[in-house]
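Here's the structure we're looking at; comments come further down.
Numbering of residues begins at 1 and proceeds along the displayed sequence.
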Amino acid sequence: MATLICVLIAIAMVYDLARMITPREARCPPLARLRGRRAALEAAERWCVGLRLHGRIDASAYQRRMSGLARGRRTTTCPKAR
């Protein structure tokens, strides 16, 4: 029984690691996830503003992302660089 639990934990760790390093993972500060949903949304908002200020996303992508954040949805795709 203990072996099965250890195997399941190891599988979950590998899955989480693979999910975190894939390009589809939204980049936000890791501590924002620990502080809760509201802090994560605020961090994602600051991240989007930074992307827009540095010209990495265009106005329509910025508006779409901020609209999603206003509805409580964090972005799930990486920004398209110009």
Could you list who else is in L4's hydrophobic cluster, with ILVMFWY side chains joined at under 4.5 Å, directly or through other members?
->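 Result for L4 is L8.
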Sequence-distant partners of Q63, side-chain contact (heavy atoms from CB on, under 4.5 Å), two or more places apart |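 None.
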Please name all residues satisfying side-chain contact (heavy atoms from CB on, under 4.5 Å) with I9, sequence neighbours left out, ordered by chain then number.
->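 With neighbours one apart ignored, the set is I5, M13.
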How far does CG of L51 sit from CD1 of I57, to the nearest 0.5 angstrom?
->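 Going from the CG atom of L51 to the CD1 atom of I57 covers 5.0 Å.
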Sequence-distant partners of S60, side chain to side chain donor-acceptor pair (under 3.5 Å), two or more places apart |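 Checked S60 against side chain to side chain donor-acceptor pair (under 3.5 Å); matches are D58.
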Can any side-chain N or O of R56 pair as donor or acceptor with the backbone N or O of R52 at less than 3.5 Å?
->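 Not a single qualifying donor-acceptor pair exists.
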Answer yes or no: is there a donor N or O on one side and an acceptor on the other, between the side chain of R65 and the main chain of C48, under 3.5 Å?
->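 Such a contact is absent between R65 side chain and C48 backbone.
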Salt bridge (Lys or Arg N to Asp or Glu O under 4.0 Å) against E45, all qualifying residues, sequence neighbours excluded |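 Applying salt bridge (Lys or Arg N to Asp or Glu O under 4.0 Å) to E45 gives none.
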